[in-house]
Amino acid sequence: MTGGTMTADGDTTGGRGMVADDDAAPDAEPEAEPDAEPDPGAGAGASRGWPERDEVIGEFGVLLGAAGMLERIAARELERRCGIRHVAFEVLMRLADAGGDRPRTMGRLAGELILTSGGMTRLIDRMEESGWVRRLAAEGDRRRQLVGLTGAGRSKLDEALVVHAETLRRHFAGPLPDAERRRLVGTLRTLNAHAREELGDLR
């Protein structure tokens with residue numbers, strides 16, 4: 001504020017710290033208080049010409065934030081305790097689910113993990129160097145590569161599954177009641193199906 005506040009005794013406090021003139025008319029109106037200064041944080045976006053944010057943007061941010069942090073926790077524990085990256089763990093799980101003697105195509109794996117063909121190739125290169133997977137040529141089409149699980153890969157998966165379950169029980173399931181967690185998973189499955197339909201095949 002630029003001016004002081006008039007007291008009942010005629011003193012002005014704050015502002016310049018001056019005393020009111022004794023010869024002032026007794027019925028003089030006190031100086032009007034200026035309007036309170038606006039909160040600089042209130043409506044800042046609108047005052048600068050920014051559009052107001054739809055609340056769905058903040059809600060989506062909550063989803064991404066929670067998923068991102070949980071994934072980092074899971075990845076940290078897998079790497080720290082098992083020496084395997086989370087994405088490699090996901091590949092091992094899919095190969096095991098298909099059956100150890102039934103290799104999967106690299107293109108199918110890339111689509112399930114939302115990876116490009118180049119990213120999938122580099123990942124399988126590293127996993128093959130670790131002895132967890134093997135490459136095979138498809139019958140009748142040697143240009144089409146398959147990926148199979150090795151014995152070492154099965155052992156690594158068994159080790160990682162124990163650690164992963166412990167981590168998720170503590171950080172994903174632990175904070176939520178069972179019924180709430182089931183509702184959340186159902187909702188996420190709906191979103192997952194919609195997003196996959198929209199994205200299609202990234203290959």
Side-chain angles (χ1 to χ4, degrees), residues 60-61 63-176 178 181-203:
F60 186 61
L63 172 63
L64 292 183
M69 286 186 286
L70 287 171
E71 196 280 334
R72 287 183 65 180
I73 292 170
R76 178 193 67 191
E77 294 304 300
L78 285 171
E79 291 198 43
R80 183 175 68 87
R81 299 172 61 183
C82 303
I84 184 172
R85 294 177 60 207
H86 195 183
V87 66
F89 168 73
E90 293 286 342
V91 170
L92 293 182
M93 282 205 303
R94 281 162 174 76
L95 293 177
D97 290 344
D101 57 345
R102 295 177 57 191
R104 303 282 299 276
T105 66
M106 289 183 61
R108 178 73 176 273
L109 288 169
E112 291 178 359
L113 295 172
I114 317 297
L115 292 175
T116 63
S117 59
M120 192 72 221
T121 297
R122 290 188 293 272
L123 174 60
I124 295 301
D125 285 344
R126 292 190 294 269
M127 295 182 68
E128 192 173 26
E129 290 173 1
S130 297
W132 300 335
V133 300
R134 67 186 189 280
R135 277 189 172 94
L136 302 166
E139 292 185 12
D141 186 359
R142 299 189 64 84
R143 296 171 300 177
R144 186 163 166 255
Q145 288 194 325
L146 304 176
V147 181
L149 187 65
T150 65
R154 178 77 248 188
S155 296
K156 178 58 66 173
L157 176 60
D158 290 343
E159 174 192 358
L161 282 170
V162 173
V163 170
H164 199 50
E166 290 176 357
T167 301
L168 296 183
R169 276 197 298 267
R170 178 179 179 186
H171 298 289
F172 171 60
L176 299 174
D178 290 345
R181 188 181 78 251
R182 286 193 291 269
R183 284 195 299 271
L184 172 62
V185 171
T187 300
L188 292 176
R189 284 188 175 130
T190 300
L191 292 174
N192 185 60
H194 170 79
R196 283 194 176 278
E197 182 179 351
E198 175 67 21
L199 286 174
D201 194 338
L202 293 183
R203 287 176 291 172

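- For Arg181, the CZ atom counts as densely surrounded, since its 6.0 Å shell holds more than 12 non-hydrogen atoms of other residues, nucleotides or ligands.
- By the 4.0 Å N-to-carboxylate-O rule, Arg108 lies close enough to Glu112 to be salt-bridged with it.
- The side-chain heavy atoms of Arg154 and Leu95, taken from C-beta on, include no pair separated by under 4.5 Å.
- With rounding to the nearest 0.5 Å, the separation of CG in Leu191 from NE2 in His194 is 8.0 Å.
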Evaluate the salt bridge (charged side-chain N to carboxylate O under 4.0 Å, His left out) criterion for residues Arg94 and Asp97: first the C-alpha distance (whole Å), next the side-chain angles of each, then the deciding distance (0.1 Å), finally the verdict. CA-CA 5 Å; Arg94 281 162 174 76; Asp97 290 344; over 6 Å; no
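- Looking at Arg134, its side chain never comes within 3.5 Å of a backbone N or O of Val147 through a donor-acceptor pair.
- When Asn192, Val185, Leu184 are each tested for a side-chain contact (heavy atoms from CB on, under 4.5 Å) with Leu188, only one passes: Leu184.
- A 4.5 Å side-chain heavy-atom check between His164 and His86 finds at least one atom pair inside the cut-off.
- Considering CG of Leu113 and CE of Met93, their distance stands at 9.0 Å, rounded to 0.5 Å.
- The side-chain heavy atoms of Leu115 and Val87, taken from C-beta on, include a pair separated by under 4.5 Å.
- Dense packing is recorded around CZ of Arg135, with more than 12 heavy atoms of other residues, nucleotides or ligands lying under 6.0 Å away.
- Side-chain atoms of Met120 and Val91, non-hydrogen and from C-beta on, do get closer than 4.5 Å to each other.
- Contact check for His171 versus Met69: no side-chain heavy atoms found under the 4.5 Å cut-off.
- At distances below 3.5 Å, at least one donor-acceptor pair connects side-chain atoms of Lys156 with backbone N or O atoms of Cys82.
- For Asp125 and Arg122, the salt-bridge test fails: no basic side-chain N is under 4.0 Å from an acidic carboxylate O.
- Taking 4.0 Å as the cut-off between side-chain N and carboxylate O, Arg80 and Glu77 count as a salt-bridged pair.
- Between Leu136 and Pro103, the closest heavy-atom pair is CD1-CG, 3.4 Å.
- Within a 6.0 Å radius of CZ in Arg81, more than 12 heavy atoms belonging to other residues, nucleotides or ligands are found.
- Thr150 places a side-chain N or O within donor-acceptor distance of the main-chain N or O of Trp132, the cut-off being under 3.5 Å.
- Separation of atoms CZ (Arg104) and CG (Leu149) is listed at 11.5 Å; rounding is to 0.5 Å.
- The side-chain heavy atoms of Phe172 and Thr167, taken from C-beta on, include no pair separated by under 4.5 Å.
- Here the straight-line distance linking atom CZ of Arg183 with atom CG of Leu176 works out to 10.0 Å at 0.5 Å rounding.
- Counting only heavy atoms from C-beta outward, the side chains of Leu92 and Ile84 approach each other to under 4.5 Å.
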